[in-house]
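One structure is given below, encoded as structure tokens.
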There are 2 protein chains.
Amino acid sequence: MEEEQIIELFRKKGHKVTTQRLAISEFILSRNDHPSADQIYDELRKDHPTISLATIYKTLNLLKEIGLVQELGFAETAARYDPNTNIHINMVCTECEEIKDYYPKDIETLWSELIQKLDEKIVGQRIDLYYICEKCKGNKS
Amino acid sequence: MEEEQIIELFRKKGHKVTTQRLAISEFILSRNDHPSADQIYDELRKDHPTISLATIYKTLNLLKEIGLVQELGFAETAARYDPNTNIHINMVCTECEEIKDYYPKDIETLWSELIQKLDEKIVGQRIDLYYICEKCKGNKS
DNA sequence: GTAACTGCAAACGCTTTGCACTCCC
DNA sequence: GGGAGTGCAAAGCGTTTGCAGTTAC
């Protein structure tokens, strides 16, 4: 998604466009590892030294509201923000908490088969797979 | 799972069997709506007036450790505890947060098809479907 | 008997809120 | 110019921890 489209989206939904909002949106949309608010904060502070965590959270909630990201709550760790609205599997390393997306072939087809018998309007979904990533497997041996 | 088996499991893993642990385990295993720590607390206090939330949490963490429950973290609400270790879909109402399990036909088959191409050892999974339940749909109209 | 468990209260970490200041439009 | 947004510090909430008293074995 281009900067232009993000600006457009904010305006269309009646929200002001600020440097902070743009920076947060572009950062999150540019990554596929679903960062936490804290990771966003640490990263953005390099270019925006005065940005605050409160603004990060407020903006993330706004992005949720306008449908740009999904918030993934976890038991062991802080929430992660996922900009990917297509059906996919979150591969979550249980050691380092790193997440990467996985798109099995035909997942849309399989998924719609799975839920077709449900006579319900689905407003969202979340699929997680827990494993130990290469890096962490290495560290253990 | 019978009381006998629960007791057995605690002992086998080297943990003492207490009234509180049994009550919490039996309560959670008897329900399929994945209660929160608070719901367990409220419910158990009727029969066990002196039980504490801290004990609930400590026991839930123990049950996680010995593999009896899975903790489901959420963004908008407290964690829920799921005693169901079979592959299933958590149907989560986004209005009242109620959860019920859903077992589509052939889900095991479909699921293994989905992950078969992954050359990874999977240590767990979680599948959520978000919708608005009948009760909440009624309340809105 | 003694190590593990309970219950209390205090601490913790993540997230939200209230408010004065600032900036977008 | 005015209302929305930012940043700070304080509050909030779910969960964990430390510890003295209690219980399982």
Side-chain angles (χ1 to χ4, degrees), chain A residues 3-4 6-25 27-28 34-42 44-45 47-66 68-82 97, chain B residues 3-4 6-25 27-28 34-42 44-45 47-66 69-81 97:
Chain A
E3 184 170 313
E4 279 311 318
I6 300 173
I7 293 175
E8 184 64 24
L9 184 59
F10 277 125
R11 295 238 163 92
K12 197 168 60 192
K13 300 269 183 172
H15 302 290
K16 289 187 177 169
V17 177
T18 67
T19 317
Q20 293 88 332
R21 287 181 176 174
L22 272 182
I24 295 164
S25 308
F27 179 73
I28 211 172
H34 314 349
S36 66
D38 227 55
Q39 288 166 344
I40 299 170
Y41 180 52
D42 282 347
L44 290 188
R45 257 202 306 186
D47 282 349
H48 308 264
T50 67
I51 205 169
S52 75
L53 243 190
T55 299
I56 308 269
Y57 276 110
K58 283 170 190 164
T59 301
L60 287 170
N61 282 329
L62 181 63
L63 296 182
K64 259 202 294 184
E65 224 180 280
I66 66 180
L68 219 54
V69 304
Q70 177 187 14
E71 185 178 6
L72 302 175
F74 288 96
E76 321 277 351
T77 186
R80 308 287 285 266
Y81 295 85
D82 184 349
E97 320 286 359
Chain B
E3 186 171 314
E4 280 309 318
I6 301 173
I7 294 175
E8 185 64 24
L9 184 59
F10 277 125
R11 296 235 163 95
K12 198 168 61 193
K13 300 268 184 175
H15 303 288
K16 290 189 176 166
V17 178
T18 66
T19 318
Q20 293 89 334
R21 286 181 177 173
L22 272 184
I24 294 165
S25 307
F27 179 73
I28 211 174
H34 313 351
S36 66
D38 228 54
Q39 289 167 343
I40 299 170
Y41 181 53
D42 283 347
L44 289 188
R45 259 205 300 188
D47 282 348
H48 306 265
T50 67
I51 204 168
S52 74
L53 242 191
T55 298
I56 309 270
Y57 276 111
K58 283 170 190 165
T59 301
L60 287 170
N61 282 329
L62 181 63
L63 296 182
K64 258 202 293 184
E65 226 180 281
I66 66 180
V69 304
Q70 176 186 16
E71 185 178 7
L72 301 175
F74 287 96
E76 321 277 350
T77 186
R80 308 288 284 266
Y81 295 85
E97 321 286 0

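Residue numbering restarts at 1 for every chain, and letters A, B, ... go by the order of the sequence lines.
- Minimum atom distance to the side chain of I51(B) is reached by dG7(C), of the listed dC25(C), dG7(C), dC5(C).
- Distances from the side chain of A78(B) to the nucleotides dT6(D), dT15(D), dG2(D) place dT15(D) closest.
- In this structure, the helix from dG1(C)-dC25(D) to dC25(C)-dG1(D) shows an angle of 40° between the axis at its start and the axis at its end, each fitted on 5 base pairs and rounded to 10°.
- Nucleic acid contact for S36(A): none, since no nucleic acid atom lies under 4.0 Å from a heavy atom of the residue.
- One finds a salt bridge joining K64(B) and E76(A) here, because a Lys/Arg side-chain nitrogen approaches an Asp/Glu carboxylate oxygen to under 4.0 Å.
- Taking the side chain to side chain contact (heavy atoms under 4.5 Å, CB included) definition, one finds that E4(A) meets it with nothing, sequence neighbours left out.
- For L53(B) against Y41(B), the heavy-atom pair with the smallest separation is N-CE1, 3.6 Å.
- Residue R11(A) has no polar side-chain atom (N or O) positioned under 4.0 Å from OP1 or OP2 of dC24(C).
- Between the R80(A) side chain and the Q70(A) main chain, no donor and acceptor come within less than 3.5 Å of each other.
- The residue N61(B) sits close only to the backbone: its heavy atoms come under 4.0 Å of sugar-phosphate atoms, none of a base.
- Between F74(A) atom CZ and dG13(C) atom C1' the separation is 17 Å, expressed in whole Å.
- Checking E71(B) against K16(B), the closest nucleotide of DNA chain D that is more toward the 5' end is the one next to E71(B).
- Between T50(B) and dG7(C) there is a side-chain N or O to OP1 or OP2 distance below 4.0 Å.
- Both Q20(B) and L53(A) lie near DNA chain C, and the one whose nearest nucleotide falls closer to the 5' end is Q20(B).
- In this structure, T18(B) does not reach the dA24(D) phosphate: none of its side-chain N or O atoms is under 4.0 Å from OP1 or OP2.
- The 5' end of DNA chain D is approached more closely, in terms of each residue's nearest nucleotide, by A37(B) than by the other of A37(B) and K58(B).
- Set against dT16(C), dT6(D), dT6(C), the side chain of Y57(A) has dT16(C) as its closest nucleotide.
- The backbone N or O of K16(B) lies less than 3.5 Å from a partner atom in the side chain of R21(B), making a donor-acceptor pair.
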